[in-house]
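The structure appears right after this line, and notes come after that.
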2 protein chains.
Amino acid sequence: MVSIKHIAKDLGVSAATVSYALSGKGRVSRALAERIRARAEDLGYRPSVAARALKTGRSGILGLVMPDLTNPLFPRMAQTLATVADSRGLGILIADSRGRADEQSEALRRLVGRGVDGVLVIPRKGSVPEPQPVPMIVINTASDPGSAVSADHAGGGALVAGHLAALGHRRIAIIGGDPVSEVQRDRIAGMVAALPPDADAQTGWGDAGIAALAERVAAGATAVMTTSDLLALRAHSELRRAGLNVPGDVSLTGFDDLPLATAMHPSLTTVAQDVRTIAEHAIEMITARIAGEPGEDCPRTVPMRLICRESTSTPRTNKEVQP
Amino acid sequence: MVSIKHIAKDLGVSAATVSYALSGKGRVSRALAERIRARAEDLGYRPSVAARALKTGRSGILGLVMPDLTNPLFPRMAQTLATVADSRGLGILIADSRGRADEQSEALRRLVGRGVDGVLVIPRKGSVPEPQPVPMIVINTASDPGSAVSADHAGGGALVAGHLAALGHRRIAIIGGDPVSEVQRDRIAGMVAALPPDADAQTGWGDAGIAALAERVAAGATAVMTTSDLLALRAHSELRRAGLNVPGDVSLTGFDDLPLATAMHPSLTTVAQDVRTIAEHAIEMITARIAGEPGEDCPRTVPMRLICRESTSTPRTNKEVQP
DNA sequence: TTGCTTCGCTTAATCGTTAAAGCAAGCGGT
DNA sequence: ACCGCTTGCTTTAACGATTAAGCGAAGCAA
């Protein structure tokens, strides 16, 4: 490995001068600085991150803690965060929390122990990450007071609900995955709030909720809103099993715009997060905090986007359906 | 931050002694070593990774380059690699290659520039990562000569093909995503090789292949094998659109055992990778190479596992189907 | 000429950890 | 009593980069 000293000896100057020339900080003559940069270039000099980290106390690495990665949205988040961080010269060290809350704390501690400059956390549903000795940015949802950046999950819920209401739906079944998840609760709260006063929406959870769907439709529901595309796929399977057509008999919506949303038939009307913008906010906020800037404390909320596909249409006209 | 020196001064010994005591390497009396460890413990001493990295030339960090993370399998791989690496005291720095081959090289260079001790690469389909100044382990498929660890994709293909053949299927349509992917080619090669001599299998690719499915079934195909669960879902949509029932009229198989495999109806017969074992091999091999051990060059192949669900059954008896 | 600045570079200290080498004390053998 | 060996600790010098401080030389003013 070629160090600053090699370049220095090579050009007969001191190591300090090389450092100054490369960083452009000290007082080095134009000519010499240019020679040094050229020499560094063709010697293939790469500064030692370890040495720099030791001296400056900054590793240039951010930690990222995510819950179990079974949710296909997280990887997209990770990828985008990595890309954005990279454009600022930062690296992303991942630690998975294996879905358990205690592992989340453990993962955080491991990251901090590795000398990261800050941590980004997408908390496990229903958990609150404990404070850390380095800046921490939580990406969750608006109703979580600790959350610094989030998609506007409630707004997203409002978008689908508004869309269905505009199509004429009034009796709507809502399917959530897990009531412990603030994200899902916000999505559902947004849905409910956006429905007109004469609408009737009831929420069911998980497999039990899905199993009850046919009955709900028989009772007059003309649309089903879910809090994730995977739930929508499950719901769709159940509806078909009951002989119900989407969107002919029932409209159906998902959340997250996963790849499966277009692979399904009918393709799924869903809501997409602006992952890029969220990542940018998160990185921006954490770099500001690391730099010790005041850092506006106000959490930022990024709007979601409705994607209308084939799974939603006007309500069926015949109120009764025969399974 | 409390350093080795604080502990040293605190106990009136030299820094070297503390280092020796904590690492258990030098000659330190039992009693003193115990006192030092206790003091370190309650002072909350955390060794500086930067300093250690500088001194030893090892950062304890591995780089991980993956293609676009839209494939839901990669995050699982990343998570498992992170877990396994962690158990060896290593961290994982991710860099996504944004799906482009040149970005893959760029990502590798960035990681190396960050001082990682080695890199793990799941190459973008059809690409060969260029050699790096640090140990590199490629996770791909057996037919790639550069691949060090891989799932036995051909074997997995053989499993599904054997399963269908055993059920009695002889005319089978195969759907691949992209012929440029070695993984998918191996999967298909394995399928074809495992079919009995009297069987007839033809491969179609991507959307065009899927669009032709109904025709293939009308021509006598009784089963469809795909190289991914997402393709299977697409194929299922197309088959249903043509009025064909799975598995009544046609059997259907996927690959990878994604969450959607159980969300579909019928649930999908598919093949799962042993991600954990692959990750363990990869980490084991790269640590060996980093340690400078001879490192057996033989690539390792990890068996896959067939998961039989509802989407496969015996072939239909009436040869002709009416769309 | 003296005094003051600015320029351009060097010296040296430092970050926290490691490890080779050194050194005093104690012990056993002859 | 003397030599050599082990034990238990210290001294010292790195690793590579950064940066405050120092120091000649040159430039300018008086």
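Scope of the values below: all heavy atoms of this structure, side chains included, with no hydrogens, waters or symmetry mates. Here is the naming used below: chain letters follow the sequence lines, and residue numbers restart at 1 for every chain.
- Asp257(B) meets the salt bridge (Lys or Arg N to Asp or Glu O under 4.0 Å) test with Arg309(B); sequence neighbours excluded.
- In this structure, Arg88(A) has no salt bridge (Lys or Arg N to Asp or Glu O under 4.0 Å) partners at least two apart in sequence or on a different chain.
- A heavy-atom distance below 4.0 Å to DNA chain D is reached by these residues of residues 38-61 of chain B, ordered by number: Leu54(B), Lys55(B).
- Sorted by first and then second residue, the salt bridge (Lys or Arg N to Asp or Glu O under 4.0 Å) pairs involving residues 8-30 of chain B (not counting sequence neighbours) are Asp10(B)-Arg39(B).
- Residue pairs meeting the salt bridge (Lys or Arg N to Asp or Glu O under 4.0 Å) criterion with at least one partner in residues 128-139 of chain B, sequence neighbours excluded, are Arg109(B)-Glu130(B).
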What pairs of nitrogen or oxygen atoms, one from the protein and one from nucleotides 20-24 of chain D, lie under 3.5 Å apart?
{"residue": "dA20(D)", "atom": "N7", "partner": "Tyr20(A)", "partner atom": "OH", "Å": "3.1"}
{"residue": "dA20(D)", "atom": "N6", "partner": "Tyr20(A)", "partner atom": "OH", "Å": "3.3"}

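- If you walk DNA chain C from 5' to 3' and mark each nucleotide with an atom closer than 4.0 Å to a heavy atom of chain A, the marks span dC7(C) to dG16(C).
- Among residues two or more places apart in sequence or in another chain, the side-chain contact (heavy atoms from CB on, under 4.5 Å) test is passed with Glu280(B) by Val84(B), Arg276(B).
- Across all strands shown, Ser14(A) has heavy atoms under 4.0 Å from base atoms, whether or not it also approaches the sugar-phosphate.
- Ion pair Glu182(A)/Arg185(A) not flagged as a salt bridge, since none of the NZ, NE, NH1 or NH2 atoms sits closer than 4.0 Å to an Asp/Glu carboxylate oxygen.
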Verdict with reasoning, Ser59(A) to Asp117(A), per side chain to side chain donor-acceptor pair (under 3.5 Å):
CA-CA 6 Å; Ser59(A) 63; Asp117(A) 294 339; 3.1 Å; yes
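- Ionic pairing of Asp274(B) and Arg305(B) is not present here: no N-O contact between side-chain nitrogen and carboxylate oxygen is shorter than 4.0 angstrom.
- The closest donor-acceptor contact from the side chain of His281(A) to the backbone of Ile278(A) lies at 3.5 Å or more, if one exists at all.
- Here dG8(D) presents its C1' atom at 13 Å from CZ of Arg35(B), a figure rounded to the nearest Å.
- Listed by first and then second residue, the salt bridge (Lys or Arg N to Asp or Glu O under 4.0 Å) pairs involving residues 44-63 of chain A amount to none (not counting sequence neighbours).
- Applying the salt bridge (Lys or Arg N to Asp or Glu O under 4.0 Å) test to Asp178(B) and every residue at least two apart in sequence or in another chain returns Lys125(B).
- If one axis is set at each end of the helix from dT1(C)-dA30(D) to dT30(C)-dA1(D) from five pairs, those axes are 60° apart, to 10°.
- Heavy-atom distances to DNA chain D give each of Ile4(A) and Ser29(B) a nearest nucleotide, and the one nearer the 5′ end belongs to Ser29(B).
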Please lay out, stage by stage, how Thr80(B) and Thr83(B) fare under the test side chain to side chain donor-acceptor pair (under 3.5 Å).
CA-CA 5 Å; Thr80(B) 315; Thr83(B) 305; 6.0 Å; no
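- Counting only residues at least two apart or in different chains, side-chain hydrogen bond (donor to acceptor under 3.5 Å, both in side chains) contacts with residues 132-147 of chain B comprise Asn140(B)-Asp144(B), Thr141(B)-Asp186(B), Ser143(B)-Asp186(B).
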